[in-house]
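First up is the structure itself, then whatever we jot down about it.
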Amino acid sequence: MPKVVTRFAPSPTGNLNVGGIRAGIFAYLFARHNGGKFIVRIEDTDKERSKKEFEDNIFESLAWLGIDIDATYRQSKHAARYEELLRKLIAEDKIYVAKEEPKEPDGRSEVIRFRNPNKIISFFDAVHGQIEFDTTELKDFIIAKSFTEPLFHFAVVVDDWDEGVTHVVRGEDHISNTPRQILIQEALGVPRPKYAHLPLIVSSDRSKLSKRKGAVAITEYKKLGYVPEAILNYDSFLGWHPAGEKEIYSKEELITEFTLDRVQKSPAMFDETKLLWFNHEHLKKLSDSEYAARLKEFAQKDVDPRLVPLLKEHAKTLKEAAKALEDEFDFLGGIAYKPEFLLQGGKITAEVASNHLKTLSEILQNIPDEGFTPAQLKDILWPYATDQGRGEVLWPLRVALSGREKSPDPFTLCSILGKAETLERIAQALQKL
RNA sequence: GGCCCUAUCGUCUAAUGGCUAGGACAGCGCCCUCUCACGGCGUAAAUCGGGGUUCGACUCCCCGUAGGGUCACCA
C-alpha cells in the first residue's frame, strides 16, 4: 500500500472548469511528488443532476491536461457497500430511522439520521493548522435518504476508507463539512485521513468561482487555442508558489517542487490576462516541430515550417496563430498585388515606388543566397532606406513581397522567400505600377 | 444570524522577528519601427485599523473591521 493516496472527487453535474480542476491538480501533484497514487472518484449519488456527458467531459479534460489516473471509482456502483455499513451502524444504534414531516413536495416521510455524540472535534489541516469545531450545532444530521440512498458525507467517508485514501486534498468550502465526516469515521471505526483544505478560487467579485460567475470549462480553453501546459502551470500557481522567481514550469517540474507547506491560505482570483501570458510563454517553449504539429491539429491545415518561429513570437494562442495564417502570414502562396496597397493608399507615388523597387532589386541581385538572412539584409538595405526615406522604400518592398497591408518585416520576408522568389515578386509588382 | 476560514502593490505572490518590503501579469512612459504584433528599458503601485509582546514586527498574541465559506432528504 503506497504511503500516499489522494483523490479527486468531482460530481458530474457540469463541465469541468478551471476552478473545479484546481483541487484535482493539487491532489495530483501532491500524490506524484510523494510517489503515491492518484485516484478519481465520480460522485454521482445525485441521480437527478448527474449526467454521462459531464463525466465524459471530466475525463477528457483530465487527459488533455496530462493528469494520469491510477484508478477510477464511481459512487453509484457502491450501493451494496453503503447499505451493508448503514445496516451495521443501525444495528449498533449509531444511526436511526426517523419519521419526518416532509418539508419539500418530494420529501420522504422516513430518513436515516446520525446519532450525534455532540462533542468537540479537533483536526489538523495541512494548510490552516489546528481547527476546532463544536458538532452540537449539527444536531442529528441526515446521512441517508434510505438504506440504498446514502448522502454525500456518508458516501465520502466510506469511499475514502475503502479506496485507501490517506490525504484528502480539497477546496476550503469543505472545511465545515470535515467535522461531520470525522464523526461518521469514528462511528464506523475507520482511520482519519490527513486533511489539506485549499483556498478557493474566486471570481472578480471575490465570491466562489462558478459557472455563472465566468468559470470557463477546460475544454473551452482548448478550443480557444490554449495549451494544457499553460492551464496546468497557471492553475498550480493559484494558491501555491514554489521558492524562487521562476514562473514557467513543466508538469514534471511542478511535481518536483510541489509541497503543501507552500500552499496559500487566502483565496486567489482567476486572472484571464495572466493565463494568456502563461500560454504565450509555453507556446514559445515548444520546439518548432511540436509547435507546427499542435497548430496543424488546431487549425486543421499544414503549417509551413518557415513560418513557425514567426508565429511563436506573434501569437499568444493557437487560435491567434491560426488567424495569422489566414491573414498577415498568408503570403507564401500566390498573392494578388493591389497598386493602392503598394502606394500605401496614395501616400507614395507610383514613380517613387517604382524607382525604389528597381534599385532594391539591383542591390538584392548582388547579394549571394547565403546573405539572405534578416540581419544581413537589414544591414545592407538599411542605409539606402534611411537615406531615401524608410517609408517610401520599405513599404513598397514589404507589400511587393507580401501583397498585404500587414505582414512580417521586409527583411524577414526576403529571407523566407529566398533570393529568386524575392526578385520575381518585385518584378511582378513593378508591372502593376 | 450561528459557526468556521482569511487579510502584503489593481491581480498572483516573495520576505516564516532584523530588507531601500522583492518578482510576475496588467497599467503608464520611453525606445524599437515600413505595417500588425513581438521585444527592450524605465516608472508608479502594498503590509486593513487599534492595542500589546519585543531592542526590533509584514511576520507572534488580543480586539475591531472587512471579505469569503458553511449551516439541504446537493455534492
Just how far, in rounded Å, is [atom2] of [N] from [atom1] of [X]?
X: D140(A); N: rC73(B); atom1: CG; atom2: C1'; answer: 15 Å
X: R170(A); N: rU70(B); atom1: CZ; atom2: P; answer: 13 Å
X: F114(A); N: rC73(B); atom1: CZ; atom2: C1'; answer: 17 Å
X: N279(A); N: rC12(B); atom1: CG; atom2: P; answer: 20 Å
X: H241(A); N: rG22(B); atom1: NE2; atom2: C1'; answer: 11 Å
X: F147(A); N: rC73(B); atom1: CZ; atom2: P; answer: 18 Å
X: F154(A); N: rC73(B); atom1: CZ; atom2: C1'; answer: 16 Å
X: R206(A); N: rG69(B); atom1: CZ; atom2: P; answer: 12 Å

Among F38(A), F30(A), Y28(A), the one residue meeting ring-ring contact (aromatic ring centres under 6.0 Å, His included) with H167(A)
F30(A)

Side chain to side chain donor-acceptor pair (under 3.5 Å), that's the test. Do Q185(A) and Q181(A) meet it? Break it down for me.
CA-CA 6 Å; Q185(A) 284 160 9; Q181(A) 292 179 7; 5.6 Å; no

Fit a plane to each ring of Y195(A) and F123(A), take the angle between them on a 0 to 90° scale, and name the class: parallel (under 30°), tilted (30 to 60°) or perpendicular (over 60°).
perpendicular

For the residue pair F258(A) and W240(A), categorise the inter-ring angle as parallel (less than 30°), tilted (30 to 60°) or perpendicular (more than 60°).
tilted

From [options], nucleotide with atom closest to [X] side chain:
X: E100(A); options: rC73(B), rG69(B), rA75(B); value: rC73(B)
X: L200(A); options: rA7(B), rU13(B), rG69(B); value: rG69(B)
X: Q264(A); options: rU13(B), rU70(B), rU6(B); value: rU13(B)
X: T273(A); options: rA26(B), rU13(B), rA24(B); value: rA26(B)
X: W277(A); options: rU11(B), rC74(B), rA24(B); value: rA24(B)

Which whole number of Å gives the distance between the [atom1] atom of [N] and that of [M]?
N: rG67(B); M: rC48(B); atom1: P; answer: 16 Å
N: rA66(B); M: rC74(B); atom1: P; answer: 35 Å
N: rG10(B); M: rG64(B); atom1: C1'; answer: 26 Å
N: rA46(B); M: rC3(B); atom1: C1'; answer: 32 Å
N: rG52(B); M: rA45(B); atom1: P; answer: 30 Å
N: rC41(B); M: rA24(B); atom1: P; answer: 10 Å
N: rC58(B); M: rG49(B); atom1: P; answer: 11 Å
N: rC5(B); M: rG40(B); atom1: C1'; answer: 44 Å

Between D271(A) and E245(A), which is nearer to the 5' end of RNA chain B once each is assigned its nearest nucleotide?
D271(A)

If you find the nucleotide of RNA chain B closest to I142(A) and the one closest to F237(A), which residue's nucleotide is nearer the 5' end?
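Checking each residue's closest nucleotide, the 5'-ward one belongs to F237(A).
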
For salt bridge (Lys or Arg N to Asp or Glu O under 4.0 Å), just list the numbers for R294(A) and E229(A), CA-CA rounded to whole Å, side-chain angles, deciding distance to a tenth of an Å, and then say yes or no.
CA-CA 12 Å; R294(A) 301 241 195 150; E229(A) 290 90 337; 2.6 Å; yes

Decide yes or no for V5(A) and E163(A): does some side-chain heavy atom of the first lie under 4.5 Å from some side-chain heavy atom of the second?
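The answer is no; the side chains never approach within 4.5 Å.
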
Is there a side-chain contact between E110(A) and E100(A), using heavy atoms and a 4.5 Å cut-off?
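Result no, sub-4.5 Å side-chain heavy-atom pair not found.
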
Under 6.0 Å from the CD atom of Q130(A), do we count more than 12 heavy atoms belonging to anything else shown?
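Yes, enclosed.
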
N/O donor-acceptor pair under 3.5 Å between S361(A) side chain and L357(A) backbone
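No.
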
Which atom names give the shortest non-hydrogen contact between G171(A) and H197(A), and what distance separates them?
O-CD2, 3.3 Å

Scan nucleotides 3-5 of chain B against the protein and return all N/O pairs shorter than 3.5 Å with their distances rounded to 0.1 Å.
residue	atom	partner	partner atom	Å
rC5(B)	O3'	H128(A)	ND1	3.0
rC5(B)	O2'	E172(A)	OE2	3.3

Examine R87(A) relative to F147(A) and say whether NZ or CZ is less than 6.0 Å from the centre of the six-membered ring and inside a 45° cone about the ring axis.
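Yes, a cation-pi geometry.
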
So does K145(A) get a side-chain nitrogen or oxygen closer than 4.0 Å to the phosphate oxygens (OP1/OP2) of rA72(B)?
no

B/S/- along nucleotides 28-38 of chain B (protein heavy atoms under 4.0 Å) is -----SBBBSS

Using a 4.0 Å heavy-atom cut-off across all strands, classify T13(A) as base, sugar-phosphate, or nothing.
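If one applies the 4.0 Å heavy-atom cut-off, T13(A) turns out to touch nothing in the nucleic acid.
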
Applying the 3.5 Å cut-off to both distances, the Watson-Crick or G-U partner of rA15(B) turns out to be none

